[in-house]
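Not measured: the values here are computed from a predicted model. Each ligand, and each atom within it, is numbered from 1 in the order the structure gives.
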Amino acid sequence: MSETNTHSIRVEPTHTSRLSQVDFNNLKFGQIMSDHMLVATYDDGAWQDVAIVPYGDLKVSPSMSALHYGQAIFEGIKGYKFADGTVSIFRPDKNWERFNKSAARLQMPEVPKEIFLDGLKQLLDIDRDWVPSNNGTSLYIRPFMFATEAALGVHPSKSYTFAVITCPVGAYYSKPISLKVETHYTRAAEGGVGFSKNAGNYALSLYPTQLANNEGYDQIMWTDAKEHKYIEEAGTANLIFRIGDSIITPHGDTILHGVTRRTIMELAEKWGYKVEQRKVSVQELIDGIEAGVVSEAFAAGTAATITHIDRIGFNGKDYTLPPVEGREFSNKVLDYLNDLRYGKSEDPFGWNFIV
Ligand SMILES: *Cc1c(COP(=O)(O)O)cnc(C)c1O
């Protein structure tokens, strides 16, 4: 069965939903995908077929350029269900903008709003029942694009696939984490691709992260490529600190500009905190912890929203942060965003994109 709708997204519903096999009280992140996916193909300079089809394998060529030369980007977004059943996506317009910035940097075509945002809306509409409703749960949404031209040789691919898959995820109560300040390996350099969400940025992080794990740390705190003096971000999340009365986050093209980070900084500003986006040196942080003026430190990202940091290792010495219970700002942010995203409170900024 096939039908065409107003945005010319072809819809081919599944005949065999897997929904009844899913234990919604025991969801593991990223393991079980919803019934449908969106797939669009780009060829001859234009987006061709856009379709919502049953989730399943994609056929690729062994000479497909993404596999060899790495033109591959992605996004991470969450959808939530209100108590009345309304399904809402959190700020997907910001992910769409960032996706196209990543695309431009990797010489890939932009994905128009009608495919990205309307596509998300229709995909979540057809898989509405996959959005979990228990407290703290959500639907993780993964848009991605990769180069599909079947030819060797380093040049921009002539063809691409854009796709969106989704998976229900359980309540994420993240434990506080420890970070090792990385002073040898580098995630991103000025002029590089640190600001883009491209697949290669994650491949390069695995080995140094394993070394940090071996030393007993959960994640790496990346520092600048030139001097390893300035703090950039943590693993796959941005860093935010409260030093004195200021809410501070590192800035620049070597970090990924997170939607969560942006959201938190906007809230801080609205709530009257002093907000600073600037370079933060490791020394400033360490001195601040020792002087007792660093009252909060956390990683910010879509997966967990806020992950408190309780210990930072630098040059063989550990620095411990104040107890999580007393962290006024980050705990307030978490409560505020939980209420807003589940439709329990007003949405004064228009952050909820209702499906
Ligand atoms: C995705 C990501 C973030 C967080 O971005 P959000 O939009 O808040 O999810 C931060 N750093 C890196 C490296 C990331 O990949």
Side-chain angles (χ1 to χ4, degrees), residues 29-30 70 72-80 89-103 105-106 116-117 120 138-145 164 166-167 169 172 174 177 179 182 185-189 192-209 212 218-225 230-241 247 249-268 277 280 297-309 330 333-334 336-338 340-341 349 351 353:
F29 183 85
I73 60 172
F74 67 95
E75 274 302 327
I77 311 174
K78 273 185 171 179
Y80 299 86
I89 312 176
F90 189 69
R91 305 192 82 177
D93 50 321
K94 293 289 167 248
N95 297 87
W96 170 65
E97 288 169 17
R98 184 172 67 194
F99 193 73
N100 282 338
K101 280 184 192 151
S102 298
R105 179 63 182 82
L106 296 198
F116 194 104
L117 290 179
L120 281 189
S138 57
L139 188 80
Y140 186 77
I141 304 165
R142 167 56 57 85
F144 58 108
M145 173 162 61
V164 185
T166 72
C167 56
V169 295
Y172 198 115
S174 53
I177 56 166
L179 299 181
E182 181 57 63
Y185 295 100
T186 293
R187 191 190 88 94
V193 294
F195 65 87
S196 74
K197 226 169 163 77
N198 79 86
N201 282 351
Y202 306 87
L204 69 80
S205 72
L206 301 175
Y207 177 66
T209 302
D218 296 306
Q219 277 291 347
I220 280 177
M221 181 183 279
W222 293 107
T223 54
D224 71 284
Y230 296 99
I231 296 166
E232 302 215 313
E233 54 184 316
T236 57
N238 293 120
L239 288 170
I240 301 179
F241 307 104
I247 306 298
T249 190
H251 197 55
D253 270 1
T254 52
I255 66 163
L256 197 290
H257 294 163
V259 179
T260 316
R261 167 182 175 270
R262 169 199 281 259
T263 299
I264 294 170
M265 298 312 273
E266 286 172 7
L267 283 177
Q277 300 202 14
V280 183
F298 57 93
T302 295
T305 306
I306 281 178
T307 305
H308 298 290
I309 297 161
S330 40
V333 166
L334 210 46
Y336 182 88
L337 287 178
N338 278 336
L340 186 148
R341 292 184 298 202
F349 312 96
W351 288 341
F353 179 89

Quick check for students: name every N or O atom pair between ligand 1 and the protein closer than 3.5 Å, with distances.
from: ligand 1; atom 1: 7 (O); to: Arg98; atom 2: NH1; distance (Å): 2.9
from: ligand 1; atom 1: 7 (O); to: Arg98; atom 2: NH2; distance (Å): 3.1
from: ligand 1; atom 1: 7 (O); to: Val259; atom 2: N; distance (Å): 2.8
from: ligand 1; atom 1: 8 (O); to: Val259; atom 2: N; distance (Å): 3.3
from: ligand 1; atom 1: 8 (O); to: Thr260; atom 2: N; distance (Å): 2.9
from: ligand 1; atom 1: 8 (O); to: Thr260; atom 2: OG1; distance (Å): 2.6
from: ligand 1; atom 1: 9 (O); to: Thr302; atom 2: N; distance (Å): 2.9
from: ligand 1; atom 1: 9 (O); to: Thr302; atom 2: OG1; distance (Å): 2.6
from: ligand 1; atom 1: 11 (N); to: Glu233; atom 2: OE1; distance (Å): 2.5
from: ligand 1; atom 1: 15 (O); to: Lys197; atom 2: NZ; distance (Å): 2.7
from: ligand 1; atom 1: 15 (O); to: Tyr202; atom 2: OH; distance (Å): 2.4

In Å, rounded to the nearest 0.5 Å, how long is the span from [atom1] of [X] to [atom2] of [Y]?
X: Ile177; Y: Thr307; atom1: CD1; atom2: OG1; answer: 5.5 Å
X: Tyr336; Y: Ile264; atom1: OH; atom2: CD1; answer: 13.0 Å
X: Glu75; Y: Phe144; atom1: CD; atom2: CZ; answer: 13.0 Å

Decide, yes or no, whether a salt bridge links Glu233 with Arg187 under the criterion of side-chain N to carboxylate O below 4.0 Å.
yes
Would a distance-only check, ignoring hydrogens and angles, find a side-chain to backbone donor-acceptor pair under 3.5 Å from Thr260 to Thr302?
yes
Name all residues meeting the side-chain contact (heavy atoms from CB on, under 4.5 Å) criterion together with Thr263; count only those two or more places apart in sequence or in a different chain, and write none if there are none.
Phe90, Arg91, Val259, Leu337, Trp351
